[in-house]
Structure formats: C-alpha cells, structure tokens
Amino acid sequence: MQTTTPLDIAKIREDFPILARPYKDRRLVYLDSAVSGLMPRAVNERIAYYQAFEHTNVHRGVSQLSQEATDRFEEAREKVRSFLNAPSNKQIIWTRGTTESINLVAQTYGRQHVHAGDEILLSAMEHHSNLVPWQLLAEERGAKLRVIPMNDAGELLLDNLEELITERTRILGVTQVSNVLGTINPVKEIIARAHAKGVPVLVDGAQAVPHMVVDVQDLDADFYVFSGHKLMGPTGIGVLYGKKEHLDAMPPWQGGGSMILSVSWEKTTFIGPPGKFEAGTPPIAQAIGLGAAIDYVRSLGLDLIAAHGHELLDYATARVRQIPGLRVIGEAKEKASVLSFVLEGVHPHDVGTILDYEGIVVRAGHHCAQPVMKRLNIPATTRASFACFNDRDDVDALVEGILKVKEIFG
Ligand code: PMP
C-alpha cells in the first residue's frame, strides 16, 4: 500500500531492477538501505555508458577522450558541490567513502593540530569510523578522547556541552543521523556552540544525506563527509567537504601522481585542493555514478523522500510496538527512517536470519557502534531502514516476519 506522500512508489520500484529478482522464491523486501542503498537503473546505466564509451584516465593527456572523461568527472564533482551547497568545487574531495574521508582529516588536520594533552570530543553515538581514526590519532599524540553523553532514548545530552569543550579541545566529531538509533542530532546548534569556543566540527553525514537536504554553509560545518553507496550510488566513492581555510592549510595525505606542482629528488611541491588530496588515478566511474545518483534523488525530491521515510517510520514504529516482547531501541523525538529493536529471548542474529528466510533483508548486529550497544546494555539490535522504494507492504511483511520469529522461538 502507498503512503500519503505524492511519490509514486510502484513506479519508483520499477527503477530498481534488483527488486524484481527472485529472492528465496519471494518478493524481495529490502529494509537495509542504511547499510547500503540499492542502485537505480539510471545509475547503473550511467556507469555502464561511461565504461563502454567514455573511459580513459582523467587530468592527463591531451586527447579529446581524456578531456571528455575529465569533464564528466568534474561535472560529477559539481553535482556534489551543488548537492551540499558548498561554495566551491575545490572544496569537494573524492575519497573511497566516509571512513576514508574521516581518516584523511584525522591524519592531516588532526596531526597538525592535536598534540600531547589535547582533547578530541566525539558524541556517544558515533559509528566506529568516526571513533577509531581519532583514537589512533589520540594514541599517537598522547591526546584524549572525550564523549558527549546520551540518554536512554538515544538523544545527546547537550546541556553541559560548553563544559565538555575545554581549552584543550582541538576538534569535535558528530554524526548528523545515528545509524543505530535513527536520531537526528541538532548539528547546526552543536557547530554554533563549538565555534563559540573556537573549536571546529566534523559532521558525519553518511546516514543524513539519503534523508534530508544538507547545506554545509548553513550548518557552518568545518568538514562534512559521506559515502556514495548510502545515497544509491556505487561503492568505492565518498566525499570530503572542507572549509577553504582548513583545506588550504592541511598537508597532503597520500603522495603520488596528479597532486604535484613539481617534483625533484630534493623537494616536491603540491597543487591546491582538491588535487592535493587526490593522489593517483581516482575512482572515475564511481564518481560519475554518484553524480547520477544525486540526479536521481533530486528528481524525486529529497523533501518528498524524507516525508515518505517519516511516514513509513511512524507506521512501522506503531505496528512493531504492538508486538509483545519487542522493544524499540532509539526513541529520540527527531528521527530519520531507521528502526532498531530487540526481541525478548531472541538474539538479533536469529531474528535477522529468520527474516531473511522470509525474503526480508535487515541488518542485525552491533552496527559498527559497539559503544552505543554498551551504553544501552544490549549486545546487538535488529535494524530495519526505509528508502523511497519501500511501502507499507514492506512494513507489514516485516511485522509478519517478526511474528513468525516469535512463533519459532515460542
Ligand atoms: N558513519 C555512519 C553513521 C555510517 O552509518 C557508516 C556506514 N555504516 C559509516 C560512517 C561508514 O561508511 P563507509 O563504510 O561507507 O565508509
């Protein structure tokens, strides 16, 4: 059944060939877009066209073919710039994904600014990829990680933020949307309060970009990162946005071709951003694919996608709450379409496995957020996440599947 949002879900479903494939002899119910978005046909076709007819290396060579490939690649960068409303496409750096973007910042900006005794402030609900790179840096530098706590509902406790930001805090890292709890964090407010104390902020947008319009200038984010595959683009491509003054001052990360001005045995000089951070042959087809994914979500309208996601989340939350023994994990007032739960007496892996027999794909585990599990005193959760191609039938299938799990486990 349709939701009340004006998106034509039946038509949208036709854009996703994978939804028509047989899966366990059933209709594939894909409720795992938070782990990776499905790719619409338009993205596949754009990548295939590039590979077949336009491919060669970029930023090299005088051939028309090379120039065309470079143009397509740089047009994709412009699409990302416009998507994030960044001031310049020189501030859009291609990486392999969110994880690589954060490692880049930790190992360049971080190494420049974090020294013995300094502090890095992170929220209690960070994905490992916005925690481990900072922990590695802290260990290398003799610095300390500090944590913005959260309540049992999965909301950050921000009353004492100004006390947590000390004169030793060198950077604050926070996710805009939690991949486990679905919580939408008030990042604009957090950034303003951090800036008032002179501290820059990195925002992990991996789970936010599929669900909301992001404007890095309005947020005033110092760094904003996301992955192509969460936005229905391909894997192997991600984005780092950074403020100009930071990117200009940061040293290169990896060295190699395409990022130099001149090289001699004595000394190498580097070009400016973004090239300075893009050593070697970049993921060209993937960047172009991400550009096509941005075109796709924009053609549907991110506002409509968000409204549809909210409606499905509300419907699903109300339905699963009626299941005895089921507890929703993550009850923040502001949530994106991520629904985690635990079922009394059944391990989430068993829930996920039985749902999979029924053709329902969800994620089960600690979701690369072990500190969140520890904070909530649970080993893992089962997580359903919703996208533009999901409908109420998918939620109903989930509920029936959970009831079957309960039947099996008595
Ligand atoms: N941050 C968040 C909030 C995520 O959900 C994920 C992916 N699960 C990541 C970071 C890491 O993304 P990637 O594996 O694409 O680098």
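Just follow the structure's listing: the first ligand is 1, and inside any ligand the first atom is 1.
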Salt-bridge contact Glu155-Lys333 (side-chain N to carboxylate O under 4.0 Å): yes
Atoms in ligand 1 flagged as close to Ser129, the criterion being non-hydrogen separation under 4.0 Å: 1 (N), 9 (C), 10 (C), 11 (C)
Derivation of the salt bridge (charged side-chain N to carboxylate O under 4.0 Å, His left out) call for Arg46 and Glu54: CA-CA 11 Å; Arg46 185 66 193 92; Glu54 299 175 313; 3.0 Å; yes
Asn130 heavy atom under 4.0 Å from ligand 1: no
Closest protein heavy atom (residue, atom, distance) for atom 14 (O) of ligand 1: Thr99 OG1, 3.7 Å
Under 3.5 Å, sequence neighbours excluded: what are the donor-acceptor pairs made by side chains of residues 235-244?
residue	atom	partner	partner atom	Å
Lys243	NZ	Asp220	OD1	2.8
Lys244	NZ	Asp248	OD2	2.6

Salt bridge flag under 4.0 Å for residues Asp394 and Arg13: yes
Side-chain touch Val80/Trp94, heavy atoms, less than 4.5 angstrom: yes
Residue part near ligand 1, for Asp204, under 4.0 Å between non-hydrogen atoms: side chain
Test side chain to side chain donor-acceptor pair (under 3.5 Å) applied to Asp118 and Arg141, His113, Arg168, the passing residue: Arg168
Within-shell test, His128 vs ligand 1, heavy atom, strictly < 4.0 Å: no
Side chain, backbone, both or neither: the part of Arg96 lying under 4.0 Å from ligand 1 by heavy atom: neither
For ligand 1, the portion of Thr175 having any non-hydrogen atom under 4.0 Å away: side chain
Pick from His367, Lys230, Gln207: the one approaching atom 8 (N) of ligand 1 most closely through a non-hydrogen atom: Lys230
NZ or CZ of Arg72 within 45° of Tyr50 ring axis and under 6.0 Å: no
Subset of ligand 1 atoms that lie under 4.0 Å from at least one heavy atom of Asn179: 5 (O)
Presence of salt bridge, Arg77 and Glu74, under 4.0 angstrom: yes
Cys368 touching ligand 1 at heavy-atom level, < 4.0 angstrom: no
Ligand 1 to Glu100 polar contact by distance, N or O atoms, under 3.5 Å: no
Intermediate values then yes/no, ring pair (Phe, Tyr, Trp, His ring centres under 6.0 Å), Phe223 and Tyr109: CA-CA 10 Å; Phe223 300 103; Tyr109 183 92; 5.4 Å; yes
Protein contact to atom 4 (C) of ligand 1 [nearest heavy atom, distance to 0.1 Å]: His127 CD2, 3.4 Å
Numbering as shown, the atoms of ligand 1 that approach Ser227 to under 4.0 Å (heavy-atom distance): 12 (O), 13 (P), 15 (O), 16 (O)
